[in-house]
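Treat the numbers as computed from the prediction; the structure is a model and nothing was measured.
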Amino acid sequence: MRDRLFSIMLFVLLGFHRAADCSVISSVEPKVLGRDNPTTSAAFSFATMDYLGSYGHTDGSFLSFFEADLKVSKMGRIIEAVSQAEILLTLNTDSYRSFEVPQAYIATSDDLGRGKVVLGRKFEPWSHLDENWNLGVWQPLFRWDFLAPDRVGLSGIFLNLKLDSVRLVAFGSPFFIPDRGLPMDLRDGAVRPDLPWAIVPPERVRLLNVYTPVRYNVIVPPVNEIVNKPSGSLLAHFGNEKGIQASVGYGYKPMNQLLLGYDPYLDVSTPDSPQTVVQLYPRVLYHHVGSVDAGYKGEFAEGLLSFLVEQPIRDETPRTWMTQEVLPSYAISPSMDLSVVGAGLDSMRSTRLSFSYIKQWGGNAPDAGPKELTHEGVNTFESRYPFQEAVKIGIHSPVFEKGR
């Protein structure tokens, strides 16, 4: 029996208090899933989407794209290996293409006992709130889509221990792989994004009471100064596959998002056409992360309450810089999944309704820097938390099934 499943997902996100002026996003995404094979799977989707809102919005920002998700796994008596690749191709822009590897690891087999060692890039359920709302606090993201980026796993070594209804995970890594952002093309000192709704820095600014065009230069540090950042985290999960469940996580690691600083000056070498030169400096900050999830999962319904805390550690920067600032962040999110038609939550043939809500405090902060450059309450840089209060409602349903 070979089954092919066609499903349609309708996703609506409403932000009540937004850090970015993107108020509603909607998409209709038919998916074609490959045959059910324990070692190989493939999913293909065609989707269209648009952001409604004025900030960064341009005519013709309605985007269509094709996405493929391929996963291959090999299970042996001693070693197992898993790799996953995602390919994205936009259809109505300048054919933007991306390739991402969310997971790629080797591990000892479950047959060897309760302990397991994993080496590579791997997903772990550090925080339901972080994953559900795509915040990228625990695990990095590929942020080609502002509100629905692709999640990727942490990279390093994982030590797993299973003790009846308790699972313990310890993670450590000597290096750091940050978020991948939107593709930006820096030409002639101007930033030109490949995607229509990207938020770009201003082309003109007021410096020393003079409005002038801006030329940007990115001062990229040596790669080893960015990636040579060790990290570690712990996760404890309590409960079985069904019933009452809880998990607690703590991590000390670099932020997945590179923060920015900039040092502007007025170039008057050509008196008739002065311009502002902005030197951009990527920064890597550490933070403490804590998360708690608690809830219940049954055959047809699941409810969860999730908490997430982040404590940034400020780095040292020159006093002449304008800098992106962050504050301690606290977030809470209740969520619910309900199977209304079909064989239950775990079945691909089930029609499910999902609901979640988030409330977040702190996190984003006004820019800091010299008084003559600082505007009170103004954020020049993109916010790390895209919304502070939001509701998400989803409908997931197979609409056509063919088998033989």
Side-chain angles (χ1 to χ4, degrees), residues 86 98-105 119-124 126 130 134-144 146 149-158 171-186 189 191 193-194 198-201 216-233 251-264 277-289 310-327 329 363-365 367-369 379-385:
E86 294 182 355
S98 75
F99 178 78
E100 183 60 88
V101 182
Q103 294 192 102
Y105 64 86
L119 180 63
R121 170 175 275 190
K122 184 179 184 298
F123 291 135
E124 282 291 347
W126 300 102
D130 188 42
N134 293 310
L135 300 182
V137 175
W138 269 106
Q139 300 181 117
L141 302 169
F142 174 44
R143 296 178 175 271
W144 78 273
F146 187 80
D150 294 328
R151 180 170 53 95
V152 300
L154 291 174
S155 300
I157 185 169
F158 301 79
F171 166 79
S173 179
F175 59 89
F176 159 63
I177 301 177
D179 282 3
R180 289 179 58 204
L182 287 168
M184 294 288 183
D185 186 9
L186 186 63
V191 179
D194 287 341
I199 299 174
V200 298
Y216 293 94
N217 295 322
V218 180
I219 310 302
V220 180
V223 174
N224 65 302
E225 291 186 12
I226 294 179
V227 302
N228 290 343
K229 306 290 183 182
S231 61
S233 54
Y252 175 73
K253 52 186 285 295
M255 290 182 179
N256 297 315
Q257 299 77 38
L258 297 180
L259 301 190
L260 290 175
Y262 70 89
D263 189 5
V277 179
V278 176
Q279 310 276 24
L280 293 171
Y281 298 89
R283 302 154 53 209
V284 179
L285 271 67
Y286 272 83
H287 60 167
H288 300 277
V289 182
E310 180 189 28
Q311 177 67 54
I313 301 174
R314 180 63 161 81
D315 60 339
E316 294 185 6
T317 55
R319 285 183 292 181
T320 58
W321 286 13
M322 287 293 297
T323 54
Q324 182 179 8
E325 298 295 322
V326 288
L327 296 172
S329 171
N364 302 317
D367 303 339
N379 293 77
T380 303
F381 304 100
E382 180 179 306
S383 301
R384 292 186 65 244
Y385 289 86

Trainee: Between Val326 and Met255, is there a side-chain heavy-atom distance shorter than 4.5 Å?
Mentor: yes

Trainee: Checking Gln257 against Asp179: is there a side-chain donor and acceptor pair closer than 3.5 Å?
Mentor: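 Yes, Gln257 and Asp179 have a side-chain donor paired with an acceptor closer than 3.5 Å.
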
Trainee: Test your reading of the model: is there a side-chain donor-acceptor pair from Ser173 to the backbone of Ser231, 3.5 Å cut-off?
Mentor: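 No, Ser173 side chain to Ser231 backbone: no donor-acceptor pair under 3.5 Å.
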
Trainee: Quick one: closest heavy-atom pair of Arg314 and Arg283, and the distance?
Mentor: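 Closest approach of Arg314 to Arg283: NH1-NH2, 3.7 Å.
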
Trainee: Which heavy atom of Lys229 sits nearest to which heavy atom of Pro254, and what is that distance?
Mentor: CB-CG, 3.6 Å

Trainee: How close do Pro230 and Tyr286 get, heavy atom to heavy atom, and via which atoms?
Mentor: O-OH, 2.8 Å

Trainee: Once you round to the nearest 0.5 Å, how far does CG of Leu327 lie from CD of Glu310?
Mentor: 10.0 Å

Trainee: Quick check for you: to the nearest 0.5 Å, what is the distance between Ile219 atom CD1 and Asp263 atom CG?
Mentor: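 Atom-to-atom, Ile219:CD1 and Asp263:CG are 9.5 Å apart.
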
Trainee: Would you give the length of the straight line joining atom CD of Glu100 to atom CG of Leu141, rounded to the nearest 0.5 angstrom?
Mentor: 10.0 Å

Trainee: Would you say that Val137 contacts Tyr385 through its side chain, given a criterion of any heavy-atom pair below 4.5 Å between the two side chains?
Mentor: yes

Trainee: Hey, does Phe176 have a side-chain heavy atom less than 4.5 Å from the side chain of Pro140?
Mentor: no

Trainee: Any donor-acceptor pair under 3.5 Å linking the side chain of Asp150 with the backbone of Phe142?
Mentor: no

Trainee: Working to the nearest 0.5 Å, report the span between CH2 of Trp126 and CG of Leu154.
Mentor: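 With rounding to 0.5 Å, CH2 (Trp126) is 6.5 Å from CG (Leu154).
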
Trainee: To check you understand the geometry: which heavy-atom pair defines the closest contact between His288 and Ile313, and what is its length?
Mentor: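 Taking His288 first and Ile313 second, the nearest heavy atoms are NE2-CD1, 3.7 Å.
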
Trainee: Answer yes or no: is there a donor N or O on one side and an acceptor on the other, between the side chain of Arg121 and the main chain of Val101, under 3.5 Å?
Mentor: yes

Trainee: Side chain to side chain contact (heavy atoms under 4.5 Å, CB included) for Glu86 and Val152? Distances and angles first, verdict last.
Mentor: CA-CA 10 Å; Glu86 294 182 355; Val152 300; over 6 Å; no

Trainee: Roughly how far, to the nearest 0.5 Å, is the CZ atom of Arg143 from the CZ atom of Arg180?
Mentor: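 Spacing of CZ (Arg180) from CZ (Arg143) equals 13.0 Å.
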
Trainee: Between Gln279 and Asn217, which heavy-atom pair has the shortest distance, and what is it?
Mentor: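 So the two residues come closest at OE1-CB, 3.2 Å.
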
Trainee: Tell me which one of Tyr252, Phe123, Phe158 satisfies ring-ring contact (aromatic ring centres under 6.0 Å, His included) with Phe171.
Mentor: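 The passing option is Phe158.
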
Trainee: Do Tyr281 and Pro318 touch side chain to side chain, with heavy atoms closer than 4.5 Å?
Mentor: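 Heavy-atom side-chain distance check fails, nothing below 4.5 Å.
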
Trainee: Distance-only, no hydrogens or angles: does the Asn134 side chain make a donor-acceptor pair with backbone N or O of Arg151 under 3.5 Å?
Mentor: no

Trainee: Identify the two heavy atoms, one from Trp321 and one from Gly261, that lie closest to each other, and give their separation to 0.1 Å.
Mentor: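 In terms of heavy atoms, the two residues are closest at CE3-CA, 4.1 Å.
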
Trainee: To the nearest 0.5 Å, how far apart are OG1 in Thr317 and CD in Glu325?
Mentor: 7.0 Å

